[in-house]
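This report concerns only the one structure given below.
No hydrogens, no waters, no symmetry mates; every other heavy atom, side chains included, goes into these values. Counting starts at 1 for both ligands and their atoms, following the listed order.
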Amino acid sequence: MNDAQTDSLTRLLASLPDLLPTLETTYKDVHAHPELSMQETRTAGIAAKHLADNGYEVTTGVGKTGVVGLLRNGDGPTVMLRADMDALPVQEATGLDYASTVSATDPTGKTVPVAHACGHDMHVAWLMGASALFARTRDAWRGTLIVLFQPGEETAQGARAMIDDGLVTRFPKPDVVLGQHVMVGPAGTVAGSAGPITSAADSLQIRLFGRGAHGSMPQASIDPVVMAASVVLRLQTIVSREVAATEAAVVTVGVLQAGTKENVIPDEALIKLNVRTFDEGVRKRVLAAITRIVNAEAEASGAPRPPEITSLDSYPLNVNDKASSDRIAEAFRAHFSAERVHHTGPAPASEDFGCFGTEWHAPSVFWFVGGTDPALYAKAKADGRLNELPVNHSPKFAPVLHPTLATGVEAMVAAALAWNAAR
Ligand SMILES: [Zn+2]
Ligand SMILES: [Zn+2]
């Protein structure tokens with residue numbers, strides 16, 4: 001960062017301390033009122049009102065509940081900032097006094113508990129903070145800001161829905177697309193790297209067909225339970241035997257269901273699995289291996305019909321543009337000091353954030369902001385127990401409010417300013 005940029009950043013962040021109490025109230029309110037993917041009407045309403053109050057041109061209902069705010073501030077680059085808004089069907093167990101007690105109807109008609117177990121409430125608060133600062137301090141920067149609140153990240157629907165609703169033709173093309181996620185890590189730090197930053201993810205459902213019979217007469221059956229057990233074990237050989245040591249992949253079977261009674265052999269078994277990869281070639285190879293193994297195991301069992309393999313969702317690989325990522329790392333080190341800026345390899349988490357840059361043919365950068373109490377993190381690290389800290393999607397996931405709230409706002413403003421020319 002040059003002196004003019006440093007000065008602009010100082011002026012932009014000057015009113016952050018005044019803003020923080022409001023942001024904290026909003027964060028707690030959104031946290032206590034989580035909404036499932038593609039149902040984020042209340043949260044979208046809060047975001048839209050906030051943008052309108054701050055003088056943005058606001059468009060609502062983009063891809064069902066998406067909100068886009070535009071702030072034109074003279075000639076200069078166009079920067080897009082993104083936050084996702086949705087929560088998860090999880091029963092919150094944080095014990096916080098603002099914990100969610102909300103339940104909602106999921107797309108299958110089932111009533112489920114809902115909680116912000118991935119921290120998207122924090123993302124909403126960060127973007128509200130950053131957008132307010134840019135609006136209040138227009139004399140410190142120039143260019144155009146696109147502020148985007150996205151629905152349905154957890155189901156890989158939201159970015160796609162906004163794009164299908166004409167996002168790239170209805171709004172100016174950004175010079176860079178920026179996003180951030182709260183993660184396990186010392187609060188007050190940011191982390192990222194150039195290249196792949198979150199993995200591609202593919203979820204599959206597999207129905208295995210057998211022939212049911214009385215449990216005492218297995219010879220009359222083709223047992224889908226044994227078939228499913230073989231499939232699950234054999235799938236474990238994909239990563240261990242077919243993926244090179246220098247490559248990486250995860251294959252996790254998260255659902256395995258069959259039967260209703262101990263003395264009845266069912267006629268069908270159900271498997272749901274999740275695949276994470278960091279390279280398109282590896283992804284294709286792993287998916288092909290799954291199909292091969294599932295079909296071969298069914299054949300080995302003499303299944304009466306071939307298995308049914310369907311895709312449940314698919315997230316693209318999310319790749320940070322090298323030049324843009326370096327520019328942001330430099331801005332972060334200048335603002336936060338080098339000790340608070342960590343290098344992190346690609347996370348086996350997945351994101352549909354990458355869709356925006358891909359669709360617009362614009363570089364994009366995604367980074368992580370620590371949300372764990374620094375003392376707790378240091379102790380867990382010293383004890384070799386980092387894996388025991390509640391991670392995203394855990395019922396106990398709860399970022400510490402301070403300094404996480406301020407750090408995310410500062411990161412977003414500093415990163416955007418690396419483009420939005422100072423003045
Ligand atoms: Zn998540
Ligand atoms: Zn998330």
Side-chain angles (χ1 to χ4, degrees), residues 27 30-31 34-40 43-44 47 63 65-66 81-94 100 104 106-107 112-128 148-162 177-185 187 190-192 196-203 250 252 254 272 274-276 312-318 320 344 346-356 364-372 389-399 404-405 407-408 411-412:
Y27 169 78
V30 174
H31 185 90
E35 295 170 298
L36 288 176
S37 303
M38 306 310 291
Q39 301 181 15
E40 310 86 343
T43 314
T65 57
L81 306 177
R82 173 268 204 179
D84 41 11
M85 304 184 282
D86 55 331
L88 287 158
V90 166
Q91 179 78 58
E92 180 161 353
T94 58
S100 160
D106 78 4
V112 292
V114 189
H116 267 297
C118 201
H120 298 183
D121 46 355
M122 185 61 79
H123 306 171
V124 169
W126 284 339
L127 193 49
M128 285 174 63
L148 183 145
F149 291 89
Q150 182 207 307
E153 188 282 325
E154 295 291 356
T155 52
Q157 292 171 289
R160 188 39 51 200
M162 292 188 83
V177 176
L178 307 176
Q180 53 183 1
H181 206 301
V182 64
M183 280 272 165
V184 170
V190 292
I197 188 72
T198 59
S199 66
D202 292 275
S203 295
V250 175
T252 291
K272 288 186 192 177
N274 186 252
V275 178
R276 305 285 168 134
L312 295 174
D313 61 50
S314 180
Y315 290 83
L317 188 66
N318 183 9
N320 280 349
T344 185
S350 297
E351 258 294 336
D352 63 359
F353 169 78
C355 296
F356 296 114
S364 67
V365 184
F366 193 73
W367 64 87
F368 302 115
V369 178
T372 316
L389 293 172
V391 293
N392 300 62
H393 292 204
S394 151
K396 293 194 171 160
F397 181 77
T404 312
L405 206 44
T407 305
M412 207 138 227

- Task: Return yes when at least one N/O/S atom of H120 is nearer than 2.8 Å to the Zn ion (ligand 2), and no when none is.
- Result: yes
- Vertex the Zn ion (ligand 2), rays to NE2 in H181 and SG in C118 - rounded to 10°: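 About 100° at the Zn ion (ligand 2).
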- In terms of the angle between their ring planes, are F366 and F353 parallel, tilted or perpendicular, with boundaries placed at 30° and 60°?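 Judged by the thresholds at 30° and 60°, the geometry between F366 and F353 is tilted.
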- Query: Would you say the side-chain atoms of E40 and T65 include a donor-acceptor pair closer than 3.5 Å?
  - Reply: yes
- For residues E35 and T43, is any side-chain donor paired with an opposing acceptor at under 3.5 Å?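 Looking only at side-chain atoms, T43 and E35 do form a donor-acceptor pair, the distance falling under 3.5 Å.
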- the Zn ion (ligand 1) to E154: nearest N/O/S atom name: OE2
- Task: Any chance you could lay out the side-chain hydrogen bond (donor to acceptor under 3.5 Å, both in side chains) test for D313 and S203, step after step, and finish with the verdict?
- Result: CA-CA 5 Å; D313 61 50; S203 295; 3.3 Å; yes
